[in-house]
2 protein chains.
Amino acid sequence: METGGAKQRILDRAYYAASQYGLESLTIGSLASNLGMSKAGVHGHFGSKQALQLATIRHALSVSQRDVVAPSDRAPDGLPRLWALCVALTSYHEEIGLHGGDFWVTVANEYDSRSGPVRDTVEAIMSRWMRRLEDLISAAVRLGQLTPCDPAQLAFEIQALLDAGGHQGWLYHDPKAPARARAAIHRRLDELRTPDAPDLTE
Amino acid sequence: METGGAKQRILDRAYYAASQYGLESLTIGSLASNLGMSKAGVHGHFGSKQALQLATIRHALSVSQRDVVAPSDRAPDGLPRLWALCVALTSYHEEIGLHGGDFWVTVANEYDSRSGPVRDTVEAIMSRWMRRLEDLISAAVRLGQLTPCDPAQLAFEIQALLDAGGHQGWLYHDPKAPARARAAIHRRLDELRTPDAPDLTE
DNA sequence: CCTACCGATCGGTAGG
DNA sequence: CCTACCGATCGGTAGG
């Protein structure tokens, strides 16, 4: 069970390419030539282009889990963890500033009007992410950190700002976009925060 | 100068397809077969695929101008016009619920990490749109309808919510997304509104 | 607007 | 993992 093998190299490259151009425009041929391999060599690791797309999604999921979700899970449940998650993601958007767009923003938009197994997988993962935001909001209300509100509505707004932070920065070559998203989320959470809730540290 | 000719039929179809799948996956062959024409017949109207993409963008611009921007321009300058524009766009997102995604949301995300003439055209148009939002915000402040704020920051937030209203509804099959966007923008503008500014009619 | 074609590239397979 | 293929489709052209 080697993790640095050829399959991982292929997935790293596919993840990198899909973050910029999406999963539909991935081609086995260009992936192979970028890696100095033959088409059949790449193809054989997955069996079909769709299997490669699904494997790339799973790879992206493990990267996000490791780099964004897991660190923020060390913060206390409720408002601190919600805010830590937003800071982690917007900071991640700032860091990847030189190597292409955000995988999930790109792919979620690519598949929102499509159908098929790849779209269904993307939707399931994004739904789980929205559920996470809503659960953290509900916990924050239950813990008396946020005044009661509609978790689905607030999660929609937070996700809108996070997406825009990972997208508008690219379209307008504006490196301040993630910070704008973070500031807007901060203000929104701060106005819903109860007087004795913990501060939102920047 | 006939406006209902073959070229318009091609552009209508290309606009429809690109709203769902983007401009990169447009193919002259599938466009031709959808329209009952030959590939060369479609190709001849534009001369190149890139010219077809650019013509489709111009077509989309005239549709948006007619259906979204022009009606809201009849509202008074400043806050009423800004709010009318947001209502017009989110209402449009609700209406197109059955025939594919929003062209600009799809295309802006498709090209945010790409380069080339098509991307440059998309960026220029989206920048002009952001400028419109910022100018309406500045006017509202100047007219004493909004308390002073950073127009670029508020425009970022409004655009984030508008985009999400046109995207999350598709990804999650949730027809309430445009209304969520409208409600969030309404609340944000209402909290910045001065006491004697005109009401934001729903 | 059409038919008939061009070279390039697509995903995928055979055989090793 | 490779070479050598397959049929299909890509954008584009010639000629009418």
Side-chain angles (χ1 to χ4, degrees), chain A residues 1-18 20-59 107 110-111 114-122, chain B residues 1-18 20-59 107 110-111 114-122:
Chain A
M1 181 69 83
E2 51 168 343
T3 58
K7 193 164 181 175
Q8 282 300 313
R9 283 185 63 228
I10 297 169
L11 288 173
D12 282 340
R13 193 82 199 192
Y15 171 70
Y16 177 86
Q20 300 180 66
Y21 306 117
L23 283 166
E24 287 294 302
S25 62
L26 268 187
T27 68
I28 294 172
S30 68
L31 215 44
S33 78
N34 282 336
L35 293 162
M37 294 174 62
S38 67
K39 276 172 53 178
V42 172
H43 185 272
H45 278 288
F46 305 96
S48 73
K49 178 176 171 175
Q50 185 175 98
L52 166 64
Q53 292 172 317
L54 293 171
T56 304
I57 290 173
R58 285 191 296 273
H59 180 75
V107 169
E110 183 178 23
Y111 286 98
R114 294 177 189 262
S115 59
V118 178
R119 182 238 142 81
D120 293 344
T121 303
V122 171
Chain B
M1 180 70 81
E2 49 168 343
T3 58
K7 194 165 181 175
Q8 281 301 313
R9 283 184 63 229
I10 298 169
L11 288 173
D12 282 341
R13 192 83 199 190
Y15 171 70
Y16 177 86
Q20 300 180 67
Y21 306 116
L23 284 166
E24 287 294 303
S25 62
L26 268 187
T27 69
I28 293 171
S30 69
L31 216 45
S33 78
N34 282 336
L35 292 163
M37 295 173 62
S38 68
K39 277 173 52 178
V42 173
H43 185 271
H45 279 288
F46 305 95
S48 73
K49 179 176 171 176
Q50 184 175 101
L52 166 63
Q53 293 172 317
L54 294 171
T56 304
I57 291 173
R58 284 192 296 273
H59 181 75
V107 169
E110 184 178 22
Y111 285 97
R114 294 178 189 261
S115 59
V118 178
R119 181 239 142 81
D120 293 344
T121 302
V122 171

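The minimum heavy-atom distance linking Leu54(B) with Val118(B) is given by the pair CD2-CA, 4.1 Å. For the residue pair His43(A) and Ile28(A), the shortest heavy atom distance occurs at CD2-CD1, 3.6 Å. Here the closest heavy-atom approach between residue Ala18(A) and residue Leu23(A) is recorded as CB-CD2, 3.7 Å. Nearest heavy atom pair, residue Ala51(A) against residue Phe46(A), reads CB-O, 3.4 Å.
Residue Leu52(A) is out of contact with every strand shown, counting any heavy-atom pair closer than 4.0 Å. Among the atoms of the strands shown, only primed sugar atoms or phosphate atoms (P, OP1, OP2) are found under 4.0 Å from some heavy atom of Leu26(B).
Distance Gln8(B) CD to dC1(C) P: 12 Å, rounded to the nearest Å. Atom CZ of Phe46(B) and atom C1' of dC1(C) are 14 Å apart (whole Å). Taking atom CD of Gln53(B) as the reference point, atom C1' of dC10(D) lies 13 Å away to the nearest angstrom. Here dG11(C) presents its C1' atom at 16 Å from CG of Leu23(A), a figure rounded to the nearest Å. Rounded to an integer number of Å, the gap from CG of Leu31(A) to C1' of dC1(D) is 15 Å. Look at NZ on Lys49(A): it is 12 Å from C1' on dT9(C), rounded to the nearest Å. The interatomic distance linking Met37(A) (CE) with dC1(D) (P) rounds to 5 Å, in whole Å.
The phosphate of dG11(D) (OP1 or OP2) has no side-chain N or O of His43(B) nearer than 4.0 angstrom. Within the structure, a side-chain polar atom (N or O) of Thr27(A) is placed less than 4.0 Å from OP1 or OP2 of dC10(C).
Side-chain contact between Thr121(B) and Tyr111(B): absent, with no pair of heavy atoms (C-beta onward) separated by less than 4.5 Å. Annotation: side chain of Arg9(A) is not in contact with side chain of Arg13(A) (no heavy-atom distance under 4.5 Å).
Residue-to-nucleotide contacts include a donor-acceptor pair under 3.5 Å from the side chain of Lys39(B) to the base of dG11(D).
Projected onto DNA chain D by closest heavy-atom contact, His45(A) and Ala40(B) fall at different nucleotides, the more 5' of which corresponds to His45(A).
Picking from dT3(D), dC2(C), dG11(C) the nucleotide with the shortest atom distance to the side chain of Ser38(A) gives dT3(D).
A donor-acceptor pair under 3.5 Å links the side-chain atoms of Glu110(B) to the main chain of Glu24(B), judged by distance alone.
Between its opening and closing five pairs, the helix from dC1(C)-dG16(D) to dG16(C)-dC1(D) changes axis direction by 0°, a value rounded to 10 degrees.
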